[in-house]
Amino acid sequence: MASGLPADPVGAAEWLIGSTLSHEGAGGIIVETEAYRDDDPASHSYKGSRAGIASMFACAGTLYVYRSYGLNWCLNIVCRPGSAVLIRAIAPTQGLERMRQRRGVDDPRLLCAGPGRLTQALGITGALDGVALQHSPLTLAPRSGGLEVVSGPRIGIARAVDRPWRFGLAGSPFLSRPFPG
DNA sequence: ACAGAGATCATCT
DNA sequence: GATGATCTCTGTG
């Protein structure tokens with residue numbers, strides 16, 4: 001990939017921490033991600049391609065956006081066919097006022113702390129599902145300096161809970177939940 | 001602070 | 001008919 005996204009979702013999830021993600025002037029710094037691999041029982045792609053998740057089997061850099069629990073949109077970036085990284089939280093830096101309006105809350109810590117919240121704050125919907133990142137209204141800028149990344153068990157899944165494939169920026173107040181330890 | 005329930009829908013059994 | 005990679009509100013300690 002042009003952006004240097006690792007093909008392995010676990011490496012990509014860690015790599016994405018600290019990157020800047022924005023959509024039409026609203027966005028911030030990615031502080032929380034999760035990796036989902038095609039050989040991973042917790043992944044939508046585990047049982048192979050089927051209707052509704054086709055974009056997860058597209059080429060690296062494709063956006064996979066799906067609806068969760070009937071109401072929330074969740075944003076993933078495919079890093080290899082069948083494997084993707086779920087963007088779980090960002091530290092809001094641009095377009096604060098716009099995001100507050102869309103979310104209907106004032107507390108900046110509640111603007112983008114969670115996969116459903118961040119898509120709502122940025123105005124991301126299923127319309128972006130299957131679109132290539134570089135041809136989408138989304139902008140992704142890799143991190144510049146080093147930073148401390150922590151990892152832990154993923155959230156909200158029933159299978160393969162033991163895999164520590166959730167990554168976060170150490171000490172960030174914008175995480176959807178704190179990391180154990 | 002923590003626990004439980006409801007909202008809502010594509011996909012699967 | 002059941003199941004989620006969720007969020008919010010409400011009731012209780």
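Naming convention: chains lettered A, B, ... in sequence-line order (proteins, then strands); numbering from 1 in each chain. Bear in mind the structure is a predicted one, so any value in this text is a computation, not a measurement. Only heavy atoms go into these numbers, but all of them, side chains included; no hydrogens, no water, no symmetry mates.
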So what is the 5' to 3' dot-bracket string for DNA chain B, if pairs are Watson-Crick or G-U wobble with both distances under 3.5 Å, crossing pairs use [ ] and | means the partner sits on another strand?
|||||||.||||.
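In Arg67(A), the CZ atom is crowded: over 12 heavy atoms of neighbouring residues, nucleotides or ligands sit closer than 6.0 Å. Atom OH of Tyr46(A) has 12 or fewer neighbouring heavy atoms from other residues, nucleotides or ligands inside a 6.0 Å radius. Within 6.0 Å of CD on Glu148(A) lie no more than 12 heavy atoms contributed by other residues, nucleotides or ligands.
The CG atom of Leu96(A) sits 8.5 Å away from atom SG of Cys112(A), with the distance rounded to the nearest 0.5 Å. Atoms CG and CD, from Leu16(A) and Glu14(A) in turn, are 10.5 Å apart once rounded to the nearest 0.5 Å. To the nearest 0.5 Å, atom CG of residue Leu122(A) and atom CZ of residue Arg102(A) are 7.0 Å apart. Atoms OG and CG, on Ser55(A) and Leu63(A) in that order, are 8.5 Å from each other to the nearest 0.5 Å. Atoms CG and NE2, on Leu128(A) and His135(A) in that order, are 14.0 Å from each other to the nearest 0.5 Å. Here the straight-line distance linking atom CG of Asp38(A) with atom CE of Met56(A) works out to 8.0 Å at 0.5 Å rounding.
Close approach of DNA chain C to chain A, defined as any atom under 4.0 Å from a non-hydrogen atom of the protein, starts and stops at dG4(C) to dT8(C).
Using a 3.5 Å distance cut-off with no hydrogens or angles, the side chains of Gln120(A) and Arg103(A) do pair a donor with an acceptor.
Within the 4.5 Å cutoff, the side chain of Pro137(A) has heavy atoms near those of the His23(A) side chain. Residues Trp165(A) and Ile157(A) form no side-chain contact, since every pair of their non-hydrogen atoms from C-beta on lies 4.5 Å or further apart.
Within a heavy-atom distance below 4.0 Å of DNA chain B, no residue of residues 152-159 of chain A is found. For the contact set between residues 94-105 of chain A and DNA chain C, defined by any heavy atom under 4.0 Å, the members are Arg103(A). The stretch residues 110-120 of chain A touches DNA chain C through Gly114(A), Pro115(A), Gly116(A), Arg117(A), each having a heavy atom under 4.0 angstrom from the strand.
Tyr69(A) and Trp73(A) are members of different hydrophobic clusters when ILVMFWY side chains are connected at heavy-atom separations under 4.5 Å. Criterion: ILVMFWY side-chain heavy atoms under 4.5 Å apart, direct or through other members. Under it, Val149(A) and Val10(A) are part of a common hydrophobic cluster.
We find that OH of Tyr69(A) is positioned 16 Å from P of dC9(B), with the value rounded to whole Å.
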Under 3.5 Å, sequence neighbours excluded: what are the donor-acceptor pairs made by side chains of residues 87-95 of chain A?
unit_1, atom_1, unit_2, atom_2, d
Arg88(A), NE, Glu32(A), OE2, 2.8
Arg88(A), NH2, Ser176(A), OG, 3.1

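The P atoms of dT10(C) and dT8(B) are separated by 15 Å, rounded to the nearest whole Å.
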